[in-house]
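Structure first, then comments.
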Amino acid sequence: MTSLSVETLAAGAVEPITSAGNGQLGIAVLAGIAVIVLLITKFKLHAFLALTIGSLALGAFAGAPLDKAITSFSTGLGNTVAGVGVLIALGAILGKLLADSGGADQIVDTILAKASGRAMPWAMVLIASIIGLPLFFEVGIVLLIPVVLLVAKRGNYSLMRIGIPALAGLSVMHGLIPPHPGPLVAIDAIGANLGLTLGLGVLVAIPTVIIAGPLFSKYAARWVDIPAPERMIPQRPSEDLERRPGFGATVATVLLPVVLMLAKALVDIVVNDPDNPVQRVTDVIGSPLIALLAAVLVGLFTLGRAAGFAKDRLSSTVEKSLAPIAGVLMIVGAGGGFKQTLIDVGVGQMILDFSKDWAIPTLLLAWLIAVAIRLATGSATVATISAAGLVAPLAADMSASHAALLVLAVGAGSLFFSHVNDAGFWLVKEYFGMDVGQTIKTWSVMETIISVVSLGFVLLLSLVL
């Protein structure tokens, strides 16, 4: 019999907290997910509350004692916040520094100054991908929309020809590349190697963003040909600044944590000796916490100080960056609680037992589960968290590379067909001045392309790794 992975067992109880059979557990899982979906979609309850109630409902349906179900949920919430909460906070600080200092605008203006005509969609996808690394999706949209609208208006471009590449760059980063919350939580749940996941994520992201961005935008522009809405062109952050950071320093700061984490992964593969001094150093500086902390500390000087921020302004910027992520942290934490409840009631072993007779590949199964939850809840983060918790036991006998691909399969599924129950759908609709039908033909189709294409590249990589 296949056993659960060390990471999975370490995260919770080895012995299930209920003696329910596989049939009852299967019903309990479906009922728990149904409760979460119903509360989010029908009653418009916040995802944190929905996940909390759904976790307790899962325990109850599985026949677990209430006190043990509560303990499982609390343990999972605490472990998840401890594991990824600080990383999300550091990412938020770096993103706020990038936005407020004018660093993001500097990247945008420098690249756009060197691009024109047919190169503009490619410039937009490059801008969005770089800026999207440290920024949450919603923040990235708010930051880039003024640029998209201005470029479309001044250059007389189709709004979709410019906007779709920008949205594709942000969305791919959000779903596939750590340190975004979804990929981080999936890596934690599945026990994958972060550096390896980051490296493979970049390999998948590059062709995916090209296909879903510049290439698809040609068709999107034909389907929906609308001008940039004047009323939606807001002020850019750097317009109130006397100076802003240099392009090279800004890009180096944004890429610093990525480079450090990839260096760690590369040294781990090449050296493969925990006692080697080089590997010991890269293990420290390439850990997500140190890599992001280093980027934030460097950013205080290369971004904040370069923009003329005094100590008080820097302190205020850091403080303001943390408030907006409270909701994200609680959703991520509650998702961790749901994952732990799944593990502790014995769902992991149930899935292992069922999957022995399944002909469907594990990576495709993970994608399908994430797709189903995404379509039902509208939340990519909830889909990632829930799907990762369900498929984590299947990673027990996987190689490190395939565990990383499992994370990417879940992330790909979480982006599938954004529609009317997704806040991002309405954000894009309003900013671009589209109606519901136009938003579906552009934004929703683009998200589906990202999901399907990235899954395709994940499956291709699984054949050669």
Side-chain angles (χ1 to χ4, degrees), residues 79-101 103-104 107 129-140 143 170 173-189 192-202 205 245 249-268 280-306 309 314-315 317-326 328-329 332-333 336 381 384 404 407 411:
N79 288 344
T80 302
V81 172
V84 303
V86 176
L87 305 183
I88 293 172
L90 289 171
I93 294 171
L94 182 59
K96 185 69 171 173
L97 281 169
L98 183 68
D100 286 6
S101 68
I107 292 175
S129 299
I130 294 175
I131 292 179
L133 278 171
L135 292 178
F136 293 130
F137 179 76
E138 291 81 1
V139 178
L143 200 63
L170 290 175
M173 294 298 112
H174 172 72
L176 300 180
I177 307 296
H180 286 279
L184 280 178
V185 172
I187 288 167
D188 182 64
N193 179 286
L194 187 142
L196 191 55
T197 306
L198 176 59
L200 292 175
V202 170
T250 303
V251 172
T253 305
V254 171
L255 296 181
L256 178 60
V258 176
V259 171
L260 291 177
M261 287 188 281
L262 286 177
K264 175 189 179 302
L266 187 62
V267 172
D268 286 349
R280 291 176 68 179
V281 170
T282 56
D283 282 347
V284 173
I285 64 173
S287 66
L289 175 62
I290 298 300
L292 279 167
L293 180 60
V296 168
L297 294 177
V298 169
L300 291 174
F301 294 94
T302 59
L303 300 175
R305 288 289 185 165
F309 289 3
L314 283 173
S315 178
T317 298
V318 172
E319 184 177 346
K320 289 178 181 177
S321 71
L322 297 176
I325 65 168
V328 175
L329 282 175
V332 167
T381 303
T384 301
V407 171

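Heavy atoms only: backbone and side chains are in, while hydrogens, waters and symmetry mates are out.
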> Can you tell if the side chain of Leu289 reaches within under 4.5 Å of the side chain of Leu90, non-hydrogen atoms only?
Replying inline: yes
>> Once rounded to the nearest 0.5 Å, what's the spacing between atom CG of Leu176 and atom OG1 of Thr384?
In response: 9.5 Å
> Looking only at heavy atoms, what is the nearest atom pair of Pro134 and Val254, with distance?
Replying inline: CD-CG1, 3.9 Å
> After noting the C-alpha distance and the side-chain angles of Thr253 and Leu94, does the key distance pass the side chain to side chain contact (heavy atoms under 4.5 Å, CB included) rule?
Replying inline: CA-CA 9 Å; Thr253 305; Leu94 182 59; 4.1 Å; yes
>> What I'd like to find out is whether the side chain of Val328 reaches to under 4.5 Å of the side chain of Thr381, using heavy atoms alone.
In response: no
> Judged by atom type as modelled, is there a donor-acceptor pair below 3.5 Å linking the side chain of His180 to the main-chain atoms of Phe137?
Replying inline: no
> Which pair of non-hydrogen atoms, one from Pro183 and one from His174, has the smallest distance, and what is that distance?
Replying inline: CD-O, 3.6 Å
>> Going by side chain to side chain contact (heavy atoms under 4.5 Å, CB included), name the residues that satisfy it together with Val81, two or more places apart in sequence or in a different chain.
In response: Leu77
>> For a quick test of reading the model, state the closest non-hydrogen atom pair linking Leu329 to Gly85 and the distance between them.
In response: CD2-CA, 3.5 Å
> Minimum heavy-atom separation for Ser101 to Pro245, with atom names?
Replying inline: O-CD, 3.1 Å
> Leu255 and side-chain contact (heavy atoms from CB on, under 4.5 Å): which partner among Leu133, Thr250, Leu260, Leu262?
Replying inline: Leu133
> Going from OG1 on Thr302 to CG on Leu256, what distance comes out if it is rounded to the nearest 0.5 angstrom?
Replying inline: 9.0 Å
> So which heavy atom on Gly140 is nearest to which on Leu170, and how close?
Replying inline: C-CD1, 3.5 Å
> Can you name the one residue among Ile177, Leu184, Ile187 that meets side-chain contact (heavy atoms from CB on, under 4.5 Å) with Thr197?
Replying inline: Ile187
> Do Arg305 and Leu314 come within less than 4.5 Å of each other through their side chains, counting heavy atoms only?
Replying inline: yes
>> Once rounded to the nearest 0.5 Å, what's the spacing between atom CG of Asn193 and atom NZ of Lys264?
In response: 5.5 Å
>> I need the Ile93 CD1 to Leu98 CG distance, nearest 0.5 Å.
In response: 13.5 Å
> Rounded to the nearest 0.5 Å, what separation is found between the CE atom of Met261 and the CG atom of Leu292?
Replying inline: 5.5 Å
>> Testing the basics here: between Ala89 and Ile325, what is the closest heavy-atom pair and its distance to 0.1 Å?
In response: CA-CD1, 3.6 Å
> CG of Leu97 to OG of Ser321: how many Å apart, nearest 0.5 Å?
Replying inline: 7.5 Å
